[in-house]
Amino acid sequence: MAIEEILKAGNYHLIDVREPLELEMDGNIAEANNIPLGDIEAHIDEIRALDGNVIFFCRSGNRSGKATDFYKSQGFENVYNGGGYNDLSQTLENL
């Protein structure tokens, strides 16, 4: 499923896997939760409890891809790589 389709459907959670300093420097998406990639495994129960799709994003899409791959390896089916912050922000603005 394409990220745009998930966003249009409205049943999603955004997880920003960048470091807090990156959010301060580059900006953030207000509705996103910040869980740095290094902490992502410790939040498996929290992510499992979320209803709907989970979209991970970072600066370029690399770390969010790693987060997505980790959760898929744990049996999650509703996790997606939203790519980079700038692209995802623009997509949200254009909906």
Side-chain angles (χ1 to χ4, degrees):
M1 183 179 295
I3 296 300
E4 293 84 9
E5 293 175 25
I6 295 168
L7 295 172
K8 285 179 183 176
N11 188 19
Y12 63 87
H13 301 275
L14 298 175
I15 307 292
D16 189 336
V17 297
R18 296 177 296 162
E19 295 296 322
L21 181 60
E22 291 177 275
L23 277 67
E24 291 177 27
M25 291 174 42
D26 300 329
N28 66 326
I29 297 174
E31 65 187 282
N33 290 317
N34 178 232
I35 304 174
L37 181 63
D39 298 336
I40 207 76
E41 291 183 30
H43 291 268
I44 194 163
D45 291 334
E46 179 183 335
I47 302 297
R48 189 181 316 280
L50 296 175
D51 182 37
N53 296 304
V54 177
I55 301 171
F56 296 103
F57 68 97
C58 61
R59 185 175 50 84
S60 67
N62 183 36
R63 287 174 285 176
S64 54
K66 290 178 182 179
T68 302
D69 290 345
F70 167 74
Y71 278 100
K72 285 185 176 182
S73 76
Q74 299 301 306
F76 287 72
E77 296 179 3
N78 63 331
V79 293
Y80 300 91
N81 181 356
Y85 162 73
N86 290 329
D87 291 338
L88 185 59
S89 294
Q90 187 172 23
T91 300
L92 285 165
E93 287 178 18
N94 292 332
L95 290 180

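Bear in mind the structure is a predicted one, so any value in this text is a computation, not a measurement. Numbering starts at 1 and runs along the sequence shown.
- Evaluation of the side-chain hydrogen bond (donor to acceptor under 3.5 Å, both in side chains) test over residues 78-95, restricted to residues two or more places apart or in two chains, returns S64-N81.
- Side-chain atoms of I47 and I44, non-hydrogen and from C-beta on, never get closer than 4.5 Å to each other.
- When the side chains of ILVMFWY residues are joined at heavy-atom separations under 4.5 Å, either directly or via intervening members, L23 and V17 end up in two distinct hydrophobic clusters.
- Contact check for I15 versus V54: side-chain heavy atoms found under the 4.5 Å cut-off.
- Side-chain contact between N28 and R18: present, with at least one pair of heavy atoms (C-beta onward) separated by less than 4.5 Å.
- One hydrophobic cluster, built from ILVMFWY side chains closer than 4.5 Å, cannot hold both I29 and M25; they sit in different ones.
- Taking the six-membered ring for Trp and thresholds of 30 and 60 degrees, F76 and Y71 have ring planes more than 60 degrees apart, a perpendicular arrangement.
- Taking CG of L88 as the start and CD of E4 as the end, the distance is 9.0 Å to the nearest 0.5 Å.
- Under a hydrophobic-cluster definition in which Ile, Leu, Val, Met, Phe, Trp and Tyr are linked whenever side-chain heavy atoms come within less than 4.5 Å, directly or via other members, I6 and L50 are assigned to different clusters.
- Scored by the ring pair (Phe, Tyr, Trp, His ring centres under 6.0 Å) test, F70 finds no partners at all (sequence neighbours excluded).
- When hydrophobic clusters are built by joining Ile, Leu, Val, Met, Phe, Trp and Tyr residues whose side-chain heavy atoms come closer than 4.5 Å, directly or via intermediates, L7 is not grouped with V79.
- The structure places CZ of R63 at 11.5 Å from CD1 of I40, a figure rounded to the nearest 0.5 Å.
- Residue pairs that meet the side-chain hydrogen bond (donor to acceptor under 3.5 Å, both in side chains) test with at least one member in residues 36-56, sequence neighbours left out, are H43-E46.
- Minimum interatomic distance between I55 and G82 (heavy atoms only, all atoms of both residues): CG2-CA, 3.5 Å.
- The distance from the CG atom of L14 to the CZ atom of F56 is 10.5 Å, given to the nearest 0.5 Å.
- The environment of E31 atom CD is dense: over 12 non-hydrogen atoms of other residues, nucleotides or ligands sit within 6.0 angstrom.
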